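Reviewing the structure listed below.
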Amino acid sequence: MNKYQPQDIEQSWYQRWETNDYFAPQGDGKPFAIMIPPPNVTGTLHMGHAFQHSLVDSIIRYHRMKGDKTLWQMGTDHAGIATQLLVTEQLAAQGIRPSDLGREKFLEKVWEWKAESGGKISQQLRRLGASLNWKTERFTLDEGLSKAVLEVFVRLYEDGLIYRGKRLVNWDPVLKTSISDLEVESAEELGHIWHLRYPLTEADGAADPEHYLVIATTRPETLLGDSAVAVHPDDERYKHLVGREIALPLTQRRIPIIADFYVDREFGTGCVKITPAHDFNDYDVGKRHDLPIINILNDDATLNTSVPERFQGLDRYAARTLVIAELEALGLVEKIEDHKMAVPRGEKSGVVIEPYLSDQWYVRIQPLADPAIQAVENGAIKFIPQNTENTYYAWMRNIQDWCVSRQQWWGHRIPAWYDPAGQVYVGRSEAEVRSHHGLSADLPLTQDEDVLDTWFSSALWTFSTLGWPDNTDDLKTFHSTDLMVTGHDIITFWVSRMIMMSLKFMDQVPFHQVYIHGLVTDADGQKMSKSKGNGLDPLDIVDGISLDDLVKKRTANLLQPKMAQRIEKATRKEFPEGIKAYGTDPLRFTFYSIASSARTVRFDMNRVEGYRNFCNKLWNAANFVFMNTQDQSITGTLALSVIDRWIISAFQDTAAAVNLAMETYRFDLAAKAIYEFVWDEFCDWYLELTKPLLMATDVSPELQRGARHTLLSILEQTLRLAHPFIPFMTEEIWQQIPASIRGSGETIMLEAFPEANANAYDREAEADIVWIKAIVAGTRNIRGEMDISYARPIPVLFANGSEQDQRRLDAYRPLLTFLIRPERLAWLNPGDPIPVSATQLVGEMQLLVPMSGLIDKDAELARLDKEIVRKKTEVERAESKINNPSFVDRAPVEVVQKEKDKVQDLGHAIAQLQEQRDRIASL
RNA sequence: GGGAGUGUAGCUCAGUUGGUUAGAGCAUCGUCUCGACAAGGCGAGGGUCGACGGUUCGAAUCCGUCCACUCCCACCA
């Protein structure tokens, strides 16, 4: 075998798997299905994806190997706003505006773009090794899914669960569309708060220059849309003014002073301007007091015709400047203060969001939410880890009607038509609408211009991908699906809506379990993001990237070009030599290792390096196995030595641990169990212990065959156990295992996943190996501490041993000789003279290395002292427990006995060591 | 303001229902090219488990208070 070079083996295997259709559900096993959270069709793979899909792939491969009829459903999302924005930007670069093209031409461009770049993420998923069923790949805007969307919308409408209404929504003035609460991100920003004087009116209605209320606002331009000033009903300062009027500056309007409990007396002056059309709270106040709702904005956040002419057409911020200037001229600005406040920005556009009054479609959510809450409460759906269900409950128990219309072009167009009188008809098509409502053919109907929120179609994902509304075989077989794997940020957007829609239309939960994984951050715990320039492309870890290319990638297309320099500096510091090509398997193994139940997982390149080393270790171990088994007989009568029986036994523990870890989604523990078995047991001990056996000339052929067989067999089983995590290299090595061991299967992917075999445990062999390890470790410790080269043979003597010790020494002398390189191994009988020696204890037995010429007296004294002190502190601790009557009384008998045994054993040990120490000291 | 989480070795993290000498990887120090592997072998050092109190025979683990950090939701104009 060659050196371990992941890039040599990974690509070709994936192609073979896919060509041979190994990813398709097969067999008669229990169905097991996971739907991929559909990535944006025009997107690229980021670390979060790579992490998530690696986790899912291991689960899928695990179930497939277990014999389940396993489906990992592939699909992509049309990602309405994001994709339309992307294409709009592309066109802008060519100097084209969407409005120049018109709806249809623009959509053609988007489909073109999808055709061009839509395959990218699929290719990246293949590089990751994701065993998705490509053959049934779906797209949220394909024909079938569009049919499902239409069906759902119409049925909801017919059930009275969809309605149209004029409300305040979050409005993105750049994208010119409504967006959902969830797509608004608030961050603290520094701004100002203006304290403005609002003059009271005099009896004749004119402004009273002497008497005014001071109101505080962060948005002075909205003054132009004020309908009232509110005070707290119990506020003694203002009680007498309720009912009087304000002469609203800059306008000719007079507005009332009202009393409402919404007002916080402690804040500012206790007077609040009320602008119902431009603030969610004010909107509610306005409703309660039947105030006029004065919309002062156009859809691009310029001021409209309901304000005085000089403000019309100004952008909201230009208007703010002018409003303040005029108020100052009038002497109505009391003061301006710096102010920290949460500013809502559009997730996609980054622009400040306006509450904006517009006509929108809504889903009446409560009737859908109630059963969805129950499904989690009664355990039909389980969240893992369980506390993540709090996020779900918090959202669902406070849920607001869902605004599902978007003023976009790219998406599912709302199936509603209007006649000239404004009457609305909802149906599956214009033809259906006409026939259903008996409309004459010459009545002109125009379809609603809006499209649906992207999450509307995603909400149907678990069943629409399987063919719903048709009752297909796939739907019957795989729904409800078994597991949904996603990040906690997506619980509200998606998980909750899938549960609601699936219960409504399938009368089934969409999935039985939801595994919520942590968020991948950089090594400093910072969220990876384009704007911070700290993101990593998973494929750059697989394939490697030069420092210059990495810098280029991170600083390209920044929203804030100013950041480029800082990002470049940080990147050059963090990756002075770029990133090496580590390969997919090591990257994947890293993901499993860091996937504990923590809410954030830091991605640390050092760990990738460590797990690359692990893969290399396994590779080289396989190399060793093949070297020692090729052209050698492995069939015929076999005899298993103690080391064979031990490693077989140890493997069962590992298999049990990995199975348990997979059932509980503890990928880190699965990875750890495999890592430790391969490295610490198989490589460090088993391979070493087989060497003397395989090289010996005086050992029976049966035993040698047994060792060769076990080498191959344990390697083969280990490969199967590790396959869900490191699929490529396990396949590559597995293919080289002789068919007499591995069977005639075509691929490791479809072989059985190992389970612990209760009959294969051999505790006796395990105990013997523990003994051998202790002997070897004892001499190694003396060698290491005394600085005795491994090349120099040392005499090793055993004193005070039991019969069992002697039996073991006789049996394992060749093994020990190989591992220890002693000058001799000698058993001392009681009464034999004991030379002054460096000493290690193995149970009661003393392992002695005579000091003559080898060992420094002071060094050995120091070594013994250290050991004696260590044992003494331990014995003291145990003794204090035993001497405590309440411990002896109350602790379980076996715990007490354990402490007593410990004191006794340690007592003997200390006595022996002390004796040795005294002898050496007296030299 | 409401909710959740985290704090264990220099760094990143395990630690399963309270009973281990508190572990691992990386890093550090020493040493070794011995028949798979220097992307390696062997040996070693390193922690009053955030702080304080409580429950208990016994606390990293359970409870309370506090400190520090993180995230989510709702936001005071």
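This structure is a prediction, so every number in the text was calculated from the model and none was measured. Reminder, nothing fancy here: chain letters follow the sequence lines and each chain counts from 1. Only heavy atoms go into these numbers, but all of them, side chains included; no hydrogens, no water, no symmetry mates.
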Problem set entry | Watson-Crick and G-U pairing of RNA chain B, under 3.5 Å, as dot-bracket with | and [ ] | (((((((..((((.....[...)))).(((((.......))))).....(((((..]....))))))))))))....
Output all residues satisfying side chain to side chain contact (heavy atoms under 4.5 Å, CB included) with [X], sequence neighbours left out; order by chain, then residue number.
X        : value
A:Gln386 : A:Glu389
A:Arg607 : A:Thr590, A:Ser593, A:Ile594, A:Asp604, A:Tyr611
A:Val869 : none

Exercise. With sequence neighbours left out, what residues match A:Glu823 under salt bridge (Lys or Arg N to Asp or Glu O under 4.0 Å)?
Worked result: none
Problem set entry | With A:Arg783 via salt bridge (Lys or Arg N to Asp or Glu O under 4.0 Å) - residues at least two apart | none
Could you state the atom-to-atom distance from [atom1] of [X] to [atom2] of [N] in whole Å?
X        : N     : atom1 : atom2 : answer
A:Asn170 : B:A74 : CG    : C1'   : 13 Å
A:His488 : B:U70 : NE2   : C1'   : 10 Å
A:Gln400 : B:C73 : CD    : P     : 14 Å
A:Asp338 : B:A77 : CG    : C1'   : 17 Å
A:Ile594 : B:A24 : CD1   : C1'   : 15 Å
A:Phe383 : B:C72 : CZ    : P     : 18 Å
A:Glu347 : B:C72 : CD    : P     : 12 Å
A:Asn398 : B:C75 : CG    : P     : 10 Å

Could [X] and [Y] be called an ion pair, given the rule that one side-chain N must be under 4.0 Å from one carboxylate O?
X        : Y        : result
A:Arg345 : A:Glu183 : no
A:Glu867 : A:Arg870 : yes
A:Lys335 : A:Glu337 : yes
A:Asp226 : A:Lys273 : yes

Residues 894-909 of chain A, side-chain donor-acceptor partners within the protein, below 3.5 Å, at least two apart:
residue  : atom : partner  : partner atom : Å
A:Gln897 : NE2  : A:Asp901 : OD1          : 2.9
A:His908 : ND1  : A:Glu844 : OE2          : 3.4

Exercise. Looking only at heavy atoms, what is the nearest atom pair of A:Pro220 and A:Trp194, with distance?
Worked result: CD-CE3, 3.4 Å
Exercise. How does each nucleotide of nucleotides 31-44 of chain B score, in 5' to 3' order, for protein heavy atoms under 4.0 Å: base (B), sugar-phosphate only (S), or none (-)?
Worked result: S--B-BB-BSSSSS
Expected rows: protein N/O vs nucleotides 2-11 of chain B N/O, under 3.5 Å:
none

Checking all strands, does [X] fall into the base, sugar-phosphate, or nothing category for heavy-atom contacts under 4.0 angstrom?
X        : answer
A:Thr217 : sugar-phosphate
A:His339 : sugar-phosphate
A:Lys902 : sugar-phosphate
A:Ala342 : base

[atom1] gap between [N] and [M], integer Å:
N     : M     : atom1 : value
B:A39 : B:G45 : C1'   : 24 Å
B:G1  : B:C66 : P     : 13 Å
B:U20 : B:A14 : C1'   : 14 Å
B:U65 : B:A22 : P     : 30 Å
B:U55 : B:A59 : P     : 11 Å
B:G41 : B:G47 : P     : 26 Å
B:A60 : B:U16 : C1'   : 14 Å
B:U70 : B:U8  : P     : 15 Å

Problem set entry | A:Ser880 side chain reached by A:Asn883 side chain, heavy atoms, under 4.5 Å | no
Problem set entry | Beyond-backbone contact of A:Glu609 with A:Phe614, side-chain heavy atoms, under 4.5 angstrom |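 Not touching, per the 4.5 Å side-chain cut-off.
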Problem set entry | Nearest-nucleotide 5' precedence on RNA chain B, A:Glu874 against A:Lys527 |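 Whichever sits nearer the 5' end wins; that is A:Glu874.
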Problem set entry | Most 5' of A:Gly270 and A:Val601 on RNA chain B, judged by nearest nucleotide | A:Val601
Problem set entry | Cation-aromatic face contact A:Arg588/A:Tyr592, 6.0 Å, 45 degrees | no
For this session: Hey, could you give me each pair passing salt bridge (charged side-chain N to carboxylate O under 4.0 Å, His left out) that has a residue in residues 216-225 of chain A? Not counting sequence neighbours.
Result: A:Arg219-A:Glu221, A:Arg219-A:Glu354, A:Glu221-A:Arg320
Could you list the donor-acceptor pairs under 3.5 angstrom formed by side chains in residues 774-781 of chain A, with sequence neighbours left out?
residue  : atom : partner  : partner atom : Å
A:Thr779 : OG1  : A:Val776 : O            : 2.8
A:Asn781 : OD1  : A:Gln840 : NE2          : 2.8
A:Asn781 : OD1  : A:Arg863 : NH1          : 3.0

For this session: Scan residues 875-888 of chain A against RNA chain B and write down, sorted by residue number, each residue with any heavy atom closer than 4.0 Å; if none is found, say none.
Result: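 RNA chain B contact set from residues 875-888 of chain A: A:Arg877, A:Lys881, A:Asn884, A:Ser886, A:Phe887.
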